[in-house]
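Take a look at the structure set out below.
So you know, we letter chains A, B, ... as the sequences are listed, proteins then strands, and number each from 1.
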2 protein chains.
Amino acid sequence: MHRGRVLAIGEFSRMTHLSVRTLRRYHDAGLLEPATVDDATGYRYYGADQIPTAQVIHRLRELDVPLPDVRRILDSPDPGRRAALVADHLQRLEAELDRTRAAVASLHRLLVPEPAPLTVALRAVPATTVAAVEDDVAHDDVLAWYAGAMAELDAAVGDPAGAPGGLYDNALFEDGRGHVLVYLPAAAPPSTGRVRPVTLPPVELAVTTHVAEHDDIDVTYGELGSWVVANALAVAGPVRETYLVGPRDTPDPAAWRTEIGWPVFRVAPR
Amino acid sequence: MHRGRVLAIGEFSRMTHLSVRTLRRYHDAGLLEPATVDDATGYRYYGADQIPTAQVIHRLRELDVPLPDVRRILDSPDPGRRAALVADHLQRLEAELDRTRAAVASLHRLLVPEPAPLTVALRAVPATTVAAVEDDVAHDDVLAWYAGAMAELDAAVGDPAGAPGGLYDNALFEDGRGHVLVYLPAAAPPSTGRVRPVTLPPVELAVTTHVAEHDDIDVTYGELGSWVVANALAVAGPVRETYLVGPRDTPDPAAWRTEIGWPVFRVAPR
DNA sequence: CTGGACCCTCCCCCGGGGGGAGGGTGCACC
DNA sequence: GGTGCACCCTCCCCCCGGGGGAGGGTCCAG
């Protein structure tokens, strides 16, 4: 193919359906370097052979691939590696779609409320020693982290003495990052890998049970919160969840039962 | 339900899993007014009865409903109207999903390129009088606008004398908004509703045919652009598309044929 | 040589959040 | 009745990927 003319940015914009502004931004970002830049005037000139690249960028941006990621994809010479990066992003899109679906379902349940017969109990829980894995985790990573930690606990504890549970720092929800501890009760908690014996302090818990999958658990949290407030109590530490019936017990999400316990103490009424 | 205590913003944050910053922003945006604001100190105090509202907001934000729309949804007292607003947004999400799917498919075709046997011809087109509908349209609205305009043309022109087509201002792609004209050839173009007889000026066209659905049409545009440049031509007006085989002819998108013609003129080689 | 289309850089704006500074408050404990 | 400390306030800057517009230089056909 013969070289042909060189294109000014406006012509290149017509060929690629990318706006002139956007082309300039892509230049600044190192995504799409013009074939030539006139030193004296700063004019950008593109080659017709850059059109396909511009179109790939256009498609990736339609998929909301961040500019730095687009750069990485374009910069990787190996087509296999490139395909892998794209696949990564598509997987992220898929995950986001799942979250959206969950939010839609949950929203519908929120807007068609049934008089939830929420039963809350106050329960004194003594100190307990369990096999635990703990770490500082970002809110977005909690699910993946939980899966890994619980798998490790299952492997380390042969014969659990009760249902698994977790302690979730309030900062996790308030700041998007916080301390998380998941545990499995055990007669003789081992100490292998990330698994350590931990003694959970004694607490007074306001306890209720969330029945159904986790999408709606915020609602139960809120109802528990309302109850705590209505009974002149205040929150005093990380929330405790106990997975009475979970994915390990039945594949039917509607049958799952999660006990939520919020450490509380009595406050003077205002 | 007895009233219970009033909640400081931090406590309310723990109950709703919305960050303190975000709660303040929602206050400023008029989304979630605290039950009380201390005049002297500016302290925000919330009631436990505001928790469900906060959760609805949370879900809507997970669905990327813009804050003003959330406000509208919350402010509409009629549950039916509220449901309609939510449904609107879900429809928007669905449309976006379609666009994403199209982009994924197109990207795959771009990354697994076959040696496209693109044939481009140069053709002199004489002035033609057609039945046309034209307007200034935003790029995002083109599809919907096209559907309406073409339906009106179909109704006004009993017996079309050829395939339908459109003229698309380059500004449509460069600035996201531009002049669009769609037409249907007719022996005696009528003048009813938005339909007017229009004489298309004579042009020299670089013409190629895009076979397959429209998702990939950018690619053909780019290839046509390359050819134009390689042959020392430049673009001289709005692009013309002619829908030789379209949805009106066959439901199979893979069989669609769109002729793309770009008005050109010869430039001196640099 | 002149006019108009084209191109340049630079700064501000959007939306929905986060980081952090700097300073005032509420309250439990001593 | 202090005092310390967690909590709360406002205000400003940053992120992303674009768009709007000002103010000024450049290209090229007539």
Side-chain angles (χ1 to χ4, degrees), chain A residues 5-14 18-32 34 36-46 57-58 60-71 138-140 170-171 174-177 234-237 265-270, chain B residues 5-14 18-32 34 36-46 57-58 60-71 138-140 170-171 173-177 234-237 265-268 270:
Chain A
R5 270 184 327 119
V6 91
L7 299 164
I9 196 168
E11 294 178 289
F12 194 68
S13 158
R14 279 190 285 279
L18 288 165
S19 79
V20 169
R21 305 190 81 91
T22 299
L23 287 172
R24 287 202 269 252
R25 193 186 323 279
Y26 289 172
H27 178 196
D28 292 346
L31 276 193
L32 190 61
T36 317
V37 177
D38 187 311
D39 281 346
T41 67
Y43 275 34
R44 297 167 178 84
Y45 295 101
Y46 295 82
I57 297 177
H58 199 165
L60 291 173
R61 284 301 305 138
E62 281 177 353
L63 297 176
D64 281 328
V65 179
L67 292 191
D69 291 14
V70 174
R71 190 154 142 77
H139 185 261
D140 293 343
N170 285 307
E174 290 167 43
D175 305 336
R177 168 159 214 95
V235 169
F265 63 97
R266 186 154 299 278
V267 293
R270 268 197 274 250
Chain B
R5 269 183 328 120
V6 91
L7 298 164
I9 197 168
E11 294 178 289
F12 194 69
S13 158
R14 279 189 285 278
L18 290 164
S19 80
V20 168
R21 304 189 82 92
T22 299
L23 286 172
R24 286 202 271 251
R25 192 184 327 277
Y26 289 173
H27 178 197
D28 294 345
L31 276 193
L32 189 62
T36 319
V37 178
D38 188 312
D39 281 345
T41 68
Y43 276 33
R44 296 166 177 86
Y45 295 101
Y46 295 83
I57 298 177
H58 199 165
L60 291 173
R61 283 301 306 138
E62 283 178 352
L63 297 175
D64 282 327
V65 179
L67 292 191
D69 291 14
V70 173
R71 190 153 142 76
H139 185 261
D140 293 344
N170 285 307
F173 307 111
E174 289 167 44
D175 305 337
R177 169 158 213 97
V235 168
F265 64 97
R266 185 153 301 277
V267 292
R270 268 198 273 249

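Side chain of A:Asp38 to main chain of A:Arg44: no donor-acceptor pair is present (N/O by atom type, distance under 3.5 Å, no hydrogens or angles).
With rounding to whole Å, B:Tyr45 atom OH is found 11 Å from C:dT25 atom P. B:Asp39 places its CG atom 13 Å from the P atom of C:dT25, with the value rounded to the nearest Å. For the pair A:Asp38 CG and C:dC6 C1', the interatomic distance rounds to 14 Å; values are reported in whole Å. A straight line from CG of B:Leu60 to P of C:dG17 spans 12 Å, rounded to a whole angstrom.
Every residue two or more places apart in sequence or in another chain was checked for a salt bridge (Lys or Arg N to Asp or Glu O under 4.0 Å) with B:Arg61, and none qualifies. Partners of A:Asp64 under the side chain to side chain donor-acceptor pair (under 3.5 Å) rule, at least two apart in sequence or in another chain, do not exist in this structure.
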- Query: Just by protein heavy atoms under 4.0 Å, how would nucleotides 7-22 of chain D read 5' to 3' in B, S and -?
  - Reply: BSSB------SBBBB-

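Using a 4.5 Å heavy-atom cutoff, the side chains of B:Leu23 and B:Tyr46 are in contact. A heavy-atom distance below 4.5 Å is found between the side chains of B:Val37 and B:His27.
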- Query: Run the side chain to side chain contact (heavy atoms under 4.5 Å, CB included) check on B:Leu18 and B:Phe12 step by step: do they pass?
  - Reply: CA-CA 8 Å; B:Leu18 290 164; B:Phe12 194 69; 5.7 Å; no

